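Following: one structure in structure tokens, then a few remarks.
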Amino acid sequence: MKSKLLILFLLIYNLCSSQTDIDFSKLSITESRVDSINLYFNKLLKSEGEKKKELEKLFFELLPNTHSEMSDAIYIDSWKKNLEWKKNKHKKDFVPKLYVVNPWVKYLSSMDYYDKDAYYQKYFNICIGGEYGADYLRAGFEIYERFLSDTKTACEKLKKLTDKEIESIFYFIFDETHPEHNEENISLYNEMLLKIKKVNLKLSELLEKSYKRIIMEQRNH
């Protein structure tokens with residue numbers, strides 16, 4: 001199933017790469033909303049103090065609340081950046097944005113948002129149901145950063161979910177094509193497991209269960 005999805009993505013990506021226009025109307029999120037997310041995101045990066053907090057709130061509230069919406073939003077954003085690069089790549093001072101994968105996600109993973117309940121609820125929601133599919137569909141949208149830097153709070157919020165939802169989040173973090181040979185991910189898994197086990201034994205067991213499932217699935221391919 002994953003290989004079919006990956007092939008489908010590559011076919012769509014190659015098709016889109018040869019076009020200058022594309023219809024996003026069948027996706028679960030609008031192009032205008034993606035533009036709004038980028039508008040506030042770019043503004044907050046240049047802001048400080050209370051103004052930055054205001055813009056951060058607007059940015060956060062505009063972010064999708066489901067995995068499918070988040071995937072579609074990042075797909076639209078990536079496509080538009082690729083188009084921008086194609087149009088401007090020969091300009092002398094042009095700085096491409098393509099090299100920063102998931103800039104929203106990277107910012108979200110280290111965000112010190114004032115409403116921790118809303119923050120974790122949305123972050124969990126966009127990860128539930130996630131599977132590896134492409135550069136921007138990987139590593140659990142970097143939610144692993146929260147389990148490393150804010151372990152206690154992250155676990156307190158996570159344990160309110162069902163076991164199935166928790167396993168789905170852990171699965172999305174480590175799902176990939178060659179998990180047994182990725183030294184970086186193996187190291188991340190061990191570090192996360194150690195930290196989570198100190199805070200909540202049940203969550204650590206669900207993490208182990210999810211990781212073992214990924215290993216077994218890849219061995220059976």
Side-chain angles (χ1 to χ4, degrees), residues 1-6 9 28 60 63-75 101-102 104-113 116-221:
M1 179 64 179
K2 288 178 198 170
S3 59
K4 290 180 181 178
L5 287 172
L6 183 56
F9 168 79
S28 59
F60 178 79
L63 286 176
N65 198 47
T66 67
H67 179 73
S68 60
E69 286 184 353
M70 189 65 172
S71 300
D72 285 350
I74 298 177
Y75 168 72
V101 180
N102 296 356
W104 308 339
V105 166
K106 186 166 289 294
Y107 188 87
L108 182 66
S109 70
S110 60
M111 197 174 179
D112 185 22
Y113 198 61
K116 291 292 186 282
D117 286 331
Y119 173 80
Y120 277 104
Q121 182 178 1
K122 175 167 282 194
Y123 213 158
F124 292 153
N125 285 346
I126 65 172
C127 290
I128 293 171
E131 292 184 342
Y132 174 81
D135 283 344
Y136 64 81
L137 292 179
R138 55 185 293 277
F141 292 143
E142 300 191 29
I143 197 170
Y144 61 82
E145 293 285 1
R146 305 310 303 181
F147 294 106
L148 299 180
S149 64
D150 192 26
T151 314
K152 185 177 180 180
T153 304
C155 288
E156 283 178 358
K157 305 302 180 185
L158 186 67
K159 70 181 183 182
K160 297 176 182 179
L161 304 182
T162 65
D163 287 3
K164 185 177 180 180
E165 290 170 331
I166 294 168
E167 287 179 41
S168 180
I169 292 168
F170 287 147
Y171 184 90
F172 185 37
I173 294 174
F174 294 102
D175 186 30
E176 59 161 315
T177 53
H178 303 289
E180 288 184 287
H181 306 291
N182 189 326
E183 295 298 331
E184 187 176 343
N185 263 15
I186 293 171
S187 177
L188 172 62
Y189 167 72
N190 289 328
E191 185 179 2
M192 261 185 66
L193 183 63
L194 184 62
K195 281 180 172 287
I196 292 174
K197 188 174 287 187
K198 291 178 180 178
V199 175
N200 189 297
L201 182 60
K202 181 183 177 182
L203 292 179
S204 70
E205 291 171 347
L206 292 175
L207 171 56
E208 287 182 293
K209 182 180 177 182
S210 300
Y211 190 76
K212 287 177 181 177
R213 176 189 157 199
I214 292 167
I215 299 297
M216 291 305 300
E217 285 179 350
Q218 294 306 319
R219 285 178 178 173
N220 292 330
H221 275 316

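Values below: every heavy atom of this structure, side chains too, minus hydrogens, waters and symmetry copies. Note that the structure is predicted; figures quoted are calculated from it, not measured.
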Can you measure from [atom1] ([X]) to [atom2] ([Y]) and round to the nearest 0.5 angstrom?
X	Y	atom1	atom2	value
Leu206	Leu201	CG	CG	9.5 Å
Asn185	Tyr144	CG	OH	8.5 Å
Ile215	Ser210	CD1	OG	12.0 Å
Leu161	Glu167	CG	CD	12.0 Å
Ser109	Phe147	OG	CZ	12.5 Å
Leu203	Lys195	CG	NZ	15.0 Å

Please state whether the rings of Tyr119 and Tyr123 are parallel, tilted or perpendicular, taking 30° and 60° as the class boundaries. perpendicular
Give me the ring orientation class for Tyr211 and Tyr189: parallel if the planes are under 30° apart, tilted from 30 to 60°, perpendicular past 60°. parallel
Compare all side-chain heavy atoms of [X] with those of [Y] and state whether any distance is below 4.5 angstrom.
X	Y	answer
Glu131	Tyr171	yes
Asn182	Phe174	no
Leu108	Tyr113	no
Val105	Met70	yes

Would you kindly check if the NZ (Lys) or CZ (Arg) of Lys157 is within the cone defined by 45 degrees around the ring axis of Phe124 and under 6.0 Å from the six-membered ring centre? no
NZ (Lys198) with more than 12 external heavy atoms under 6.0 Å: no
Has the side chain of [X] got a donor or acceptor atom that lies under 3.5 Å from a matching backbone atom of [Y]?
X	Y	value
Glu145	Glu142	no
Ser204	Ile196	no
Ser187	Glu184	no
Lys116	Thr153	no

Verify whether the ring centers belonging to Phe141 and Phe172 lie closer than 6.0 Å.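 Judged by ring-centre distance (under 6.0 Å), Phe141 and Phe172 do meet the cut-off.
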After noting the C-alpha distance and the side-chain angles of Thr66 and Ile126, does the key distance pass the side chain to side chain contact (heavy atoms under 4.5 Å, CB included) rule? CA-CA 4 Å; Thr66 67; Ile126 65 172; over 6 Å; no
Test of understanding: with salt bridge (charged side-chain N to carboxylate O under 4.0 Å, His left out), list the residues that count as partners of Lys202, not counting sequence neighbours.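 Only Asp163 meet the salt bridge (charged side-chain N to carboxylate O under 4.0 Å, His left out) criterion with Lys202.
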Kindly give the heavy-atom pair with the smallest separation between [X] and [Y], and that separation in Å.
X	Y	value
Arg146	Ala154	O-CB, 3.8 Å
Asn65	Asn125	O-CB, 3.0 Å
Gly130	Ser168	N-OG, 4.3 Å
Ile186	Glu180	CD1-O, 3.5 Å
Met192	Ile173	CE-CD1, 4.0 Å
Lys159	Glu156	CG-O, 3.3 Å

Results of side chain to side chain donor-acceptor pair (under 3.5 Å) for Asn200 - residues two or more places apart only: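 Here no residue qualifies.
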Does the distance from a Lys or Arg side-chain N to an Asp or Glu carboxylate O, for Lys209 and Glu205, drop under 4.0 Å?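 Judged by the 4.0 Å cut-off on N to carboxylate O distance, Lys209 and Glu205 do not form a salt bridge.
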